[in-house]
Amino acid sequence: MQAWQVHELGEPGEVMRLAHVERPTPGEGQVLLRVRAANINFPDALMCRGQYQVRPPLPFTPGVEICGETEDGRRVIANPALPHGGFAEYAVADAAALLPAPGALDDAEAAALHIGYQTGWFALHRRARLEAGETLLVHAAAGGVGSAAVQLGKAAGATVIGVAGGADKAAVARALGCDVVIDRREQDVVAAVKEATGGRGADVVFDPVGGEAYTQSAKTVAFEGRIVVVGFAAGAIPSPALNHALIKNYAILGLHWGLYNTKNPKLVQHCHEQLTELAARGAIKPLVSERVPLAGAADAVQRVADGATTGRVAVVPAAENGAAA
């Protein structure tokens, strides 16, 4: 089969190499899956650089989220068991963690439903306890995780303020359903949020960016508001001023979604059921901006790493054989 492999650490576009390799052999409790679509996540780029908390042995195949097909024809969502990741024609995954792919979504959309939407759901509902009528501020609202948070916030009855970088991404955020869109390249984010909320600020802030975005979060969070720290796409990990959190009466919450797979896997299943129901009634639908063939995976991962994409980019191996995703 064909699979992308990383033999040395570095930028994805430089270290990912497409090769012919043997199909992976499932271990105990694992299954072999034909990859129907693999979604690109920022951690894939971090893994190539050796900067992610999970460091598979070299060589490894990146790709942490797929829609696959079992040997008996079931269409499932899975997190491949590294080092045999999803940017390949076949991958392996733990049988107990397979989730049914929602019938309302195509393969690329289903592949994009899992990590980003689970992250958004756990951040907004489990950690921040977002309520209908509250105001949600989403940084990187046109990105993969941010776009999921926007849709989930709207589905929960919140007023959503989206922050995006540039006119094109602002237009995407608006199309996703944001009530207010702030172009951080053209506007003062803090002033714009205060204006949009009558000076009150946002009840919940969803921050997958870190760096300057977190500074803005602390300045715009409302009394008894909640900032959910999801990631550090900007590369800079902020050091929160806890005296500021005390003075303003807000909470700083961390979210590492992957921990739920070991700490409370039943909650992951419950979340998937909620997401499937939301997808069935059209309340959420992953924004897949591109579907690229397997040969284009390295370039696509690099563009995701560079912040040059919107929504999700899916790698569709079957497309090279003329099959539809």
Side-chain angles (χ1 to χ4, degrees), residues 36-37 39 41 64-68 74-79 97-162 172-181 202-206 208 226 228 230-231 253 255 257-258 260-261 264-289 291 310-314 325:
R36 297 175 66 106
N39 178 47
N41 287 267
V64 296
E65 180 179 44
I66 68 169
C67 174
R74 287 182 297 129
R75 189 166 157 265
V76 298
I77 294 173
N79 298 126
L98 298 180
L99 297 170
L105 304 177
D106 68 22
D107 292 338
E109 291 166 345
L113 182 74
H114 194 35
I115 296 176
Y117 280 83
Q118 288 254 349
T119 296
W121 188 91
F122 274 90
L124 301 183
H125 294 292
R126 182 73 177 181
R127 303 295 283 135
R129 309 290 181 180
L130 179 69
E131 297 181 4
E134 290 191 313
T135 298
L136 168 66
L137 173 63
V138 178
H139 290 285
V145 179
S147 61
V150 168
Q151 292 184 354
L152 289 166
K154 290 301 296 180
T159 296
V160 180
I161 302 173
V172 170
R174 197 169 290 111
L176 284 164
C178 288
D179 298 282
V180 178
V181 176
D203 299 292
V204 174
V205 182
F206 182 88
R226 293 85 77 198
V228 189
V230 180
L253 305 167
L255 175 68
W257 170 75
Y260 287 94
N261 286 301
N264 194 344
K266 289 185 178 179
L267 197 54
V268 173
Q269 177 65 47
H270 171 70
C271 174
H272 183 67
E273 291 168 359
Q274 297 294 306
L275 295 176
T276 299
E277 191 276 329
L278 288 169
R281 61 183 174 90
I284 62 173
K285 185 179 178 69
L287 171 62
V288 180
S289 58
R291 291 167 169 80
T310 57
R312 290 299 194 185
V313 179

- Query: So, the side chain of Glu109 versus the backbone of Val288: is there a donor-acceptor pair under 3.5 Å, distance only?
  - Reply: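 Between the backbone of Val288 and the side chain of Glu109 there is no qualifying donor-acceptor contact (under 3.5 Å).
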- Got a donor-acceptor contact below 3.5 angstrom from the Thr119 side chain to the Trp257 backbone?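 No, because the side chain of Thr119 does not come within donor-acceptor range (under 3.5 Å) of the backbone of Trp257.
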I need the minimum non-hydrogen distance between [X] and [Y], along with the two atoms involved.
X	Y	value
Val160	Gly153	CG2-C, 4.0 Å
Ala128	Val228	CB-CG2, 3.7 Å
Ala110	Ala101	CB-CB, 4.1 Å
Ala142	Leu176	CA-CD1, 4.4 Å
Ala111	Asn39	O-CB, 3.6 Å
Phe122	Cys271	CE1-CB, 3.8 Å

- Item | From CA spacing to verdict: side chain to side chain contact (heavy atoms under 4.5 Å, CB included), Gln118, Asn261 | CA-CA 11 Å; Gln118 288 254 349; Asn261 286 301; over 6 Å; no
- Task: Test Val268 against Trp121 for side chain to side chain contact (heavy atoms under 4.5 Å, CB included), laying out the working first.
- Result: CA-CA 10 Å; Val268 173; Trp121 188 91; over 6 Å; no
What is the distance from atom [atom1] of [X] to atom [atom2] of [Y], rounded to the nearest 0.5 Å?
X	Y	atom1	atom2	value
Arg74	Leu98	CZ	CG	6.5 Å
Gln269	Gln274	CD	CD	11.0 Å
Leu255	Arg126	CG	CZ	11.0 Å
Leu152	Phe206	CG	CZ	8.5 Å
Lys154	Asp179	NZ	CG	3.5 Å
Asp107	Cys67	CG	SG	4.0 Å

- Task: Begin with the C-alpha distance, continue with both residues' side-chain angles, and end with the deciding distance and a verdict on side chain to side chain contact (heavy atoms under 4.5 Å, CB included) for Arg312 and Leu287.
- Result: CA-CA 6 Å; Arg312 290 299 194 185; Leu287 171 62; over 6 Å; no
- Among Val204, Thr159, Leu124, which one satisfies side chain to side chain contact (heavy atoms under 4.5 Å, CB included) with Glu134?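 The residue from Val204, Thr159, Leu124 that satisfies side chain to side chain contact (heavy atoms under 4.5 Å, CB included) with Glu134 turns out to be Val204.
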- Indicate the ring-plane relationship of His114 and His272, choosing parallel, tilted or perpendicular according to the 30° and 60° boundaries.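 Ring orientation, 0 to 90° scale: perpendicular.
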- Item | Heavy-atom side-chain contact between Val205 and Arg226 under 4.5 Å |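 With C-beta onward as the side chain, the pair stays apart.
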